[in-house]
Every structure is written in C-alpha cells, then in structure tokens.
Enquirer: 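My questions all concern the structure below.
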Amino acid sequence: KQEVTQIPAALSVPEGENLVLNCSFTDSAIYNLQWFRQDPGKGLTSLLLIQSSQREQTSGRLNASLDKSSGRSTLYIAASQPGDSATYLCAVRYSTLTFGKGTMLLVSP
Amino acid sequence: DVKVTQSSRYLVKRTGEKVFLECVQDMDHENMFWYRQDPGLGLRLIYFSYDVKMKEKGDIPEGYSVSREKKERFSLILESASTNQTSMYLCASASGSRFRGFNTEAFFGQGTRLTVV
C-alpha cells in the first residue's frame, strides 16, 4: 500500500527562522509530488509541483526538493513569517493523489 | 484563473437524508476526485473518475456513490447520511490518462463542511 509520511507533525518557530518540512513515500513510482498549504477550515492551495524527473522547484521563499530514488522530499521555507502559519501537506501522484497527514506550522511574531 | 467550485461551504443534514455534494471545474480536466478529511486521519480518497461516465472506488467508498454525467461536474452522493459521515469533503481535478500519464498539477475546491445530526 502506498504511504506518505510527514515529519514533524507540528512545528513552532519564531519569525525569521528558516525551516524544513519533510515528506517520505514508500512507492517511488510517482508521476509527481505536490506541496499544498491549508488554512483552518479551508481548501488546499497548491504551492509547488515537482515532476518525477526534477530535483527541485522554487517559488519565492519556498524551495522544494525531490529525491525519488530514496522516496523523500523537503519543503524549505526561508525567513518565515506569521502569515506562513498553516498546515502543509505533501501529496504524491500515482494515478490518484496520496497524502501525508501534514505538518502544522506556527510562526510567532 | 483556474477554478474548482464546490456547491456549498457548510451543510447540515439529518440522519437518513440523501445528500448531494456538487463539484464543478472549468479546466477541461479528465480526472476528478472526492476526498474526506478528518482530524488525525488526513485526506482519504472516496471515489475518483478518470473521465466522463467513468468512476473508480477509492479507499473508503462505503456509504457513498458518485455521478459524472458531464466532464466538468462530479457529484458525491450520500445515499443515507449517517453521523459518522460528518466531515470536511474536498473535491479536486487534474488532467491525465493512462496513455499520457498523470504528471499535471491538481487543483482543489474550497471544501464542504458537512454535519449530519
């Protein structure tokens, strides 16, 4: 069974810190990996999409890496801000999307 | 701007009612998905559809059915709502096929918070 694990489950940091969120998956036969952000009670907002042939993608202060052979991805957030507080979800695409349970991030002013 | 629209943000229904959750996408995507999200359990796939009139069971299809009569619309049906179906329901769409692969971005709706009393 395909499984996706996210570590840590929760993270609290002061504003300005750089941080790394981790995602691992058991079946490396993926098409792509997508990072999402979810604010409380809301839907999912796509942050970054990495194709299986790519090593990393960047958008602003966000950088996502992918090591398909080892089944790992990281989301790096530079210079964190209180507005970054949300739950971050990693999803791997086979024919459907399989999700991790997320990392709940709190950035304090 | 791409859009996946779910018909309701909040719904309250009574036990035993038949409930319809509607999802519409405007991106001409072949694939559409219904997930439910519960604390501690994450997002779990209920049903998905590769294309019009096609449907496949996900991980937790019991108590649900779906309909995809038009490409842009994917409906989730709770035949007889029960309290354990109280949850956040999320619809998503993406393009892809077994021939072309499934390597495109997925987009989600804003979610429907369903409470069954």
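Predicted model only: the values in this text are computed from it and were never measured.
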Enquirer: Of all of A:S95, A:G43, A:S46, A:G102, which one pairs up most often with chain B through heavy atoms under 4.5 Å apart?
Expert: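 Maximum pair count with chain B is reached by A:S95.
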Enquirer: Are the charged groups of B:R44 and B:D38 less than 4.0 angstrom apart, N to O?
Expert: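 Between B:D38 and B:R44 there is a salt bridge, with a charged N closer than 4.0 Å to a carboxylate O.
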Enquirer: Side chain, backbone, both or neither: which part of A:Y94 has a non-hydrogen atom closer than 4.5 Å to chain B?
Expert: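 A:Y94 touches chain B through backbone heavy atoms alone.
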Enquirer: Measure B:R9 against the heavy atoms of chain A and call it side chain, backbone, both or neither at under 4.5 Å.
Expert: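 Interface part for B:R9: side chain.
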Enquirer: Scan side-chain atoms only and decide if B:S65 and B:E79 contain a donor-acceptor pair under the 3.5 Å cut-off.
Expert: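 Yes, because at least one side-chain N or O of B:S65 sits under 3.5 Å from a partner of the opposite role on B:E79.
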Enquirer: Select, from A:L49, A:L97, A:L89, the one with the greatest count of heavy-atom pairs under 4.5 Å involving chain B.
Expert: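 Option with the top pair count is A:L97.
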Enquirer: Given a strict heavy-atom distance threshold of 4.5 Å, which part of B:Q37 is in contact with chain A: side chain, backbone, both, or neither?
Expert: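 It is the side chain, since no backbone atom gets that close.
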Enquirer: Please determine, by modelled atom types, if A:N32 and A:S52 share a side-chain donor-acceptor pair under 3.5 angstrom.
Expert: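 No pair is found: no donor N or O on one side chain lies under 3.5 Å from an acceptor on the other.
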Enquirer: Is it the case that B:W34 and B:S49 place a side-chain donor and acceptor less than 3.5 Å from each other?
Expert: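 Result is no, nothing qualifies.
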Enquirer: Is a salt bridge present between B:D28 and B:K71, judged by a nitrogen-to-oxygen distance below 4.0 Å?
Expert: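 A salt bridge is present here (some side-chain N lies under 4.0 Å from a carboxylate O).
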Enquirer: Which answer fits B:T112, side chain, backbone, both or neither, if we ask what part of it has an atom under 4.5 Å from a heavy atom of chain A?
Expert: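 B:T112 has no heavy atom closer than 4.5 Å to chain A.
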